[in-house]
Structures are given as structure tokens and as C-alpha cells.
S.K.: 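Pasting a structure below so you can have a look.
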Amino acid sequence: MGRRQDLERRQTLLARFGRRISGETRLDNLLTILAEEVRNILGADRCSVFLVDPVKNELWTKVAVGVGEKVLRVPLGRGIAGFVAKTGSAVNIRDAYRDLRFSHEIDSFTGYRTKSVLAVPLKDRNGKAIGVFEVLNKSKSYFNEEDEGFLRLLAAIAASSVENAQLYENLRRSHLETIYRLAMVAEYRDQTDTAKHLRHISKYSAIVAAQLGLPYQRVEDIRYASPLHDIGKVAIPDAILLKPGKLTPEEYEEMKKHPIYGARMLENAETPLLQLACRISMAHHEHYDGTGYPHGLKAEQIPLEARIVSVVDVFDALTTKRVYKGAWTLEETFRYMSNQAGRLFDPMVADAFNKCFPEIQEILRDEIGAESVEGRAASTEGVSDILPSSPGSP
Ligand code: C2E
Ligand code: SIN
Ligand code: SIN
Ligand code: FE
């Protein structure tokens, strides 16, 4: 290809690069796009995007292993990427194995053979290195000065998108963590293992929602809103909530107000997630046949998300010990629940739940395995297990 055509090709790619990364607020997606585009534009065999983890003083990157991905971490200062992050200067070498700064760790991990390497720092507004772009093995030649200039340009364009995405990721995580911790408050008094109960409600609801074919975002919303379904229980007196025996009719009447208390706490919420939590709180004890509370809603009058949480909630309540009852066996639970399809439960949701049962059992089995190894989980554990994974955080 002639020089001129090459330049034109790169300009076209550059325009596409800007288009694809602008507005991408998911760090995960952004890193994938960056790696793809940079590799393509530079004519390299590989591209790795490293980000600085300032807490651990490490660089991390995602590498493809087989069909999946793994997060790889290297101490700041180690290897070529580490050198670039630490010094803020670019590195361009023809044969990595003859460079003292090169660390073989990643190659031995991936089974890849690095030859030429071009690496430039990704700098924030203040000129501090927040990461490193590294391209490997230029096809049929070495990276030249023009490549270096180009990679610097790409890094400059990408830096603010990366910063933005990190900011969004933090916001998203702290929002979800706050919601989760709020749910903890509500369940703290009457659950012996609060984290476990919330984890169950969250995971099972999301699994069933996905089985019902709901779109990704709705599944994620129910995953994070469902743990708040009983937030209204904070307003129920100890004498009722913690009563070891059966409630009197009057006590049960008071107990039955918890969906309304919860909905009041969440009403007029600004975010769609909390609005959903409000609807779930209000309707998670409605029954499909109209015999539930607080409003006696029927069938499709009950929001679908609440119909899902209702099934999942009863399953978890029956199979675990409560202050007022022992744990039922899976067989007893099943017999009861299949009997309730069309009564308590939406038959469609009950059916989806049945289909998901192998997956749910898997979660229960893993838990039992983990417990016998580590002993009983502390009640605040499991937060990171529910929050979206963020490879940049511990
Ligand atoms: P929870 O313990 O989380 O139970 C949620 C739902 O699971 C119940 O909603 C009910 O549909 C089902 N469930 C739980 N245990 C049993 C059971 O032993 N038999 C049957 N057939 N279903 C069961 P429900 O009944 O509207 O209760 C809402 C909440 O009221 C319960 O949440 C619990 O906190 C409280 N509660 C209900 N009954 C009693 C009781 O006899 N004593 C005490 N201390 N609390 C109760
Ligand atoms: C809980 O286990 O506390 C939630 C169940 C409910 O309100 O029915
Ligand atoms: C009971 O069987 O009375 C306790 C559980 C419930 O309220 O559904
Ligand atoms: Fe409830």
C-alpha cells in the first residue's frame, strides 16, 4: 500500500475509532473496543490495554484464554507496560526477549511469543499515567516512529473516555452497593444469614427473569431491585417480626403492612431502579388468583417483576429456617409450590422457575461447599458477589 493510501486508511479508521468509543460508559465494553481498534489501526497482531490500580499499585489487563477472559495483574514498574506506566515514556522495541525490561510472565501465561512491542502511556488531564496501550508483533516488520505518533494520538483520544467510564463504573457500583446495604438493614433483624438471603433473592430473580426471556437491562434491574422487596419490615416491631411462634390475626394484619411501608419509603424515587424496587415491594405478596395483599390484585395487574420475586421469595422462605419455622426439604417445598401455580403464583413464572431449578440447585450446592471450607459466612459478606464484577477493583 502506498504512503498516501495508508494515511487515508488510517484517517478513516481514526474517525471510526472516535465514533465507537465516544459515549461508551461501560468500562468493560470500552476496553474491548479499544483493544480491537488499536490493534487494527496499528496493524499489530495483538493489543493490550492496561489500567493502573492505584490502590494496589498494579497494572491490570484482560487477556483472552480459550473462550473466556482472565484478569492479569502486574506490579507497577515490572515489565514493559509497568515501565511505561511508571516513567510515563513510550517504549518501542524490535525484540522483546532481548530487552531487560521485558517480563516473560504474560507470554508464559498465554503461550504467546512476543517479538516487537510498542507501548505508550495513557495519561489523564493532569498528565498522570492511568494506563498503557501496548501493541505487539507488527505484521511483517517493526513499529516505526509514525506508528508511535499514531498510538500516542489514539491514547490521547481514548484517555478521557477511559476516565469517564471509570467514573461511571464507580458511580454505578456505589449506587448499587448503597441499595444493597439498605436491603441489609431491612433484613438484619429477622434473618440469621442476611447476605445469603439477599444473594438468593437477587440471583434467583435474575435467573428466572432471564429464563422468561426478558431483555438484559430488565434482568439487571430486577437483580438489583429485588433485594429491597422487604425494606418495609424495618417498620415492623420486634415483638411481631421476631416472634418465635405463630402470629395472632392482629399481629399478622400489622405484618401485612410491610409492602406498603416499603413502597412508601421508595415512592417518588428518581431512578428507574428504585421505582422498580417500589413496585416490587408493594406487590410481592399479591397472589395470582387475587387472594393476596395489600390490594388483592389479580394476574397481570401484578407487575411481572413482583410475580417473579413472589415465587423466589416463598422458595427461599420455605427452604430456610425462620424464627417462626424450620426449613422445609426440597421435596416438601416443591410439592407445595407446584400446587400453588395459578393460586399464589403466575403459572408462567412458576414454570420458568421449574426450568431454572438445576441452576438454582447449583448455587445452593456451591454454597454448601464454600461453607464447609470457610465456616459460616459473616453476615456482611457477599456484597461483591452480587455487585457487578469490576476487574479494576479487588
Ligand atoms: P417470610 O418469612 O420471608 O415468608 C415469605 C412468604 O413465604 C410468606 O408470606 C409465605 O407466603 C411463605 N411462607 C413462609 N413460611 C411459610 C410456611 O411455614 N408455610 C407456608 N404455607 N408458607 C410460608 P406471608 O405469609 O405473607 O408472610 C410474610 C412475612 O410475615 C414472612 O416473611 C414473615 O416475616 C412474617 N410471618 C408470617 N407468618 C409468621 C409467623 O407465624 N410468625 C412470625 N414471627 N412471622 C411470620
Ligand atoms: C424475608 O425473608 O424476610 C422476605 C420474605 C417476605 O416478606 O415474605
Ligand atoms: C403459617 O403457616 O401460619 C406461617 C406461614 C405463613 O404465614 O404463611
Ligand atoms: Fe415480604
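Each ligand, and each atom within it, is numbered from 1 in the order the structure gives.
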S.K.: With a 4.0 Å cut-off on heavy atoms, does Ile240 reach ligand 1?
M.R.: yes
S.K.: If you take the centroid of each ring, where Trp contributes its six-membered ring, are Trp328 and Tyr336 closer together than 6.0 Å?
M.R.: yes
S.K.: With atom 24 (P) of ligand 1 as the reference point, say which of Phe315, Tyr336, Tyr252, Tyr324 has the nearest heavy atom.
M.R.: Tyr252
S.K.: Enumerate the atoms of ligand 1 whose separation from the nearest heavy atom of His285 is less than 4.0 angstrom.
M.R.: 9 (O), 26 (O), 28 (C)
S.K.: Verify the ring-centre separation between Phe357 and Phe334: is it less than 6.0 angstrom?
M.R.: yes
S.K.: Is there a nitrogen or oxygen of Gly245 sitting under 3.5 Å from a nitrogen or oxygen of ligand 1?
M.R.: yes
S.K.: Determine, for Glu105 against Arg78, whether the closest basic-nitrogen to carboxylate-oxygen distance falls under 4.0 angstrom.
M.R.: yes
S.K.: Please state which option from Glu251, Met255, Gln340, Lys321 has its nearest heavy atom closest to atom 35 (C) of ligand 1.
M.R.: Met255
S.K.: Could you say whether the N/O atoms of Lys233 and ligand 1 ever approach to under 3.5 Å?
M.R.: yes
S.K.: Please say whether His258 places an N or O atom under 3.5 Å from an N or O atom belonging to ligand 1.
M.R.: no
S.K.: Side chain or backbone, does Lys325 bring an N or O within less than 3.5 Å of an N or O on ligand 1?
M.R.: no
S.K.: Looking at Arg199, is its backbone amide N or carbonyl O close enough to the side chain of Ser202 to form a donor-acceptor pair, meaning the two atoms are under 3.5 Å apart?
M.R.: no
S.K.: Between the candidates Glu187, Arg322, Lys256, Glu254, which shows the shortest non-hydrogen contact distance to atom 3 (O) of ligand 1?
M.R.: Arg322
S.K.: Rounding to 10°, state the angle centred on the Fe ion (ligand 4) that links NE2 in His285 with NE2 in His258.
M.R.: 90°
S.K.: Are any of the N/O atoms in Asp230 less than 3.5 Å from those in ligand 1?
M.R.: no
S.K.: Counting backbone and side-chain atoms alike, does His229 have an N/O/S atom under 2.8 Å from the Fe ion (ligand 4)?
M.R.: no
S.K.: Check whether the side chains of Asp107 and Tyr97 place a donor and an acceptor atom closer than 3.5 Å, and report yes or no.
M.R.: yes
S.K.: Indicate yes or no: at least one non-hydrogen side-chain atom of Phe17 is less than 4.5 angstrom from one of Leu154.
M.R.: yes
S.K.: Which atoms from ligand 1 have a heavy atom of Tyr293 less than 4.0 Å away?
M.R.: 24 (P), 26 (O), 27 (O), 28 (C)
S.K.: Decide yes or no on side chain to side chain contact (heavy atoms under 4.5 Å, CB included) for Arg365 and Ile360, but give the supporting numbers first.
M.R.: CA-CA 9 Å; Arg365 242 198 317 268; Ile360 287 169; over 6 Å; no
S.K.: Step through it carefully: locate the ring centre of His258, locate the ring centre of His229, and say whether they are under 6.0 Å apart.
M.R.: no
S.K.: Would you mind running through ligand 1 and noting each atom that sits below 4.0 Å from a heavy atom of Ala317?
M.R.: 3 (O), 4 (O), 5 (C), 7 (O), 14 (C)
S.K.: Is Leu247 in polar range of ligand 1, meaning some N or O pair under 3.5 Å apart?
M.R.: yes
S.K.: Write the atom name of the N, O or S atom in Asp230 that is nearest the Fe ion (ligand 4).
M.R.: OD1
S.K.: Between the main-chain N or O of Thr248 and the side-chain N or O of Glu251, is there a donor-acceptor pair closer than 3.5 Å?
M.R.: yes
S.K.: Would a line drawn from the ring center of Phe102 to the ring center of His104 be shorter than 6.0 Å?
M.R.: yes
